Amino acid sequence: METLDYRVARKRMVEEQLLPGGVRDPKVLKVMGSLPRHLFVEKGMQDQAYMDRPMTIGRGQTISQPLIVGLMTQALDLKGTEKVLEIGTGSGYQTAVLCKLAKKVFTIERIQSLSLNARKQLYRMSTNNVEFRMGDGTLGWPEEAPFDAIIVTASGPEIPVALKTQLTDGGRMVIPVGPEESQKLCLVRRKGNEWTTEVLSGCRFVKLIGKEGWK
Ligand code: SAM
């Protein structure tokens, strides 16, 4: 049974971080306002899970700040019918948010221990519309492509071509791009064989490491 404190912290996260930060999609607000984010962070740090900052999840990686999760999810404009690819499973929190808003989620993580922990947590929550893979997400998941939406939660020097080509016609991809110190959060849209890129904001992510990322 969840304590009242976590429910209050989540409500405050929505009211004091997500809404003022520009997350307006009622479906995204509802999901983030009900999903137990504290179950995706280390036990001794659960009381900090709803604070306005990223947190360590081990192996030099982080669970993104709630506002970034909200803005990236909102940018994908999910209606509930989509097949989504996520690169960078991390803690599995963003995966869980996507599972509530899309039809099916495919998620790739390069660090085995993180992938296994996320898998355990999502199964504990009886999530049944997700598939996990370990490996280099910069190459996408060709056997399952195309995807209506792709979300990349680590930043590379440029947008991986493999991911662009695995979008459906009309598909959207949200991805941080740029040098290590600071990046731009980009929204890529595919129309036929043309891709447009809109910059949504500045951001700072851990590195996307792989064939089409950092070496
Ligand atoms: N979305 C995650 C969450 O909710 O906890 C946060 C992800 S963390 C900011 C970025 C993750 O991307 C790390 O776990 C890192 O290991 C992973 N990563 C980096 N390069 C990758 C690659 N080429 N393929 C798959 N995962 C990668």
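In listed order, ligands and their atoms are each counted from 1. The model shown is predicted, which means the values in this text are computed figures rather than measured ones.
- The Thr138 neighbourhood of ligand 1 comprises atoms 23 (N), with distances under 4.0 Å to a heavy atom of that residue.
- Of all the heavy atoms of Arg110, the ones lying under 4.0 Å from any atom of ligand 1 are found in both the backbone and the side chain.
- Evaluated for a side chain to side chain contact (heavy atoms under 4.5 Å, CB included) with Ile175, the options Val152, Thr197, Ile151 yield exactly one hit, Val152.
- Every atom of ligand 1 is numbered from 1 in the order shown, and the set under 4.0 Å from a heavy atom of Gln94 is 1 (N), 4 (O).
- Heavy atoms of Thr153 found under 4.0 angstrom from ligand 1 belong to the backbone as well as the side chain.
- Residue contact check: Ser91 has heavy atoms under 4.0 Å from atoms 3 (C), 4 (O), 5 (O) of ligand 1.
- Ligand-side atoms of ligand 1 in range of Gly137: 22 (C), 23 (N), 24 (N), 25 (C), range being under 4.0 angstrom from any heavy atom.
- Numbered from 1 in the order shown, with element, the atoms of ligand 1 that lie under 4.0 Å from a heavy atom of Leu114 read 14 (O).
- In this structure, Arg59 has no heavy atom closer than 4.0 Å to ligand 1.
- With ligand atoms numbered from 1 in the order given, ligand 1 contributes 24 (N), 25 (C) to contacts under 4.0 Å with heavy atoms of Gly135.
- Tyr50 and Tyr6 have tilted rings, their planes meeting at an angle from 30° to 60° on a 0 to 90° scale.
- Judged by the shortest distance from any of its heavy atoms, Thr95 lies outside the 4.0 Å radius around the atoms of ligand 1.
- Proximity of Val206 to ligand 1, defined as any heavy-atom pair under 4.0 Å, is confined to the side chain (atoms from C-beta onward).
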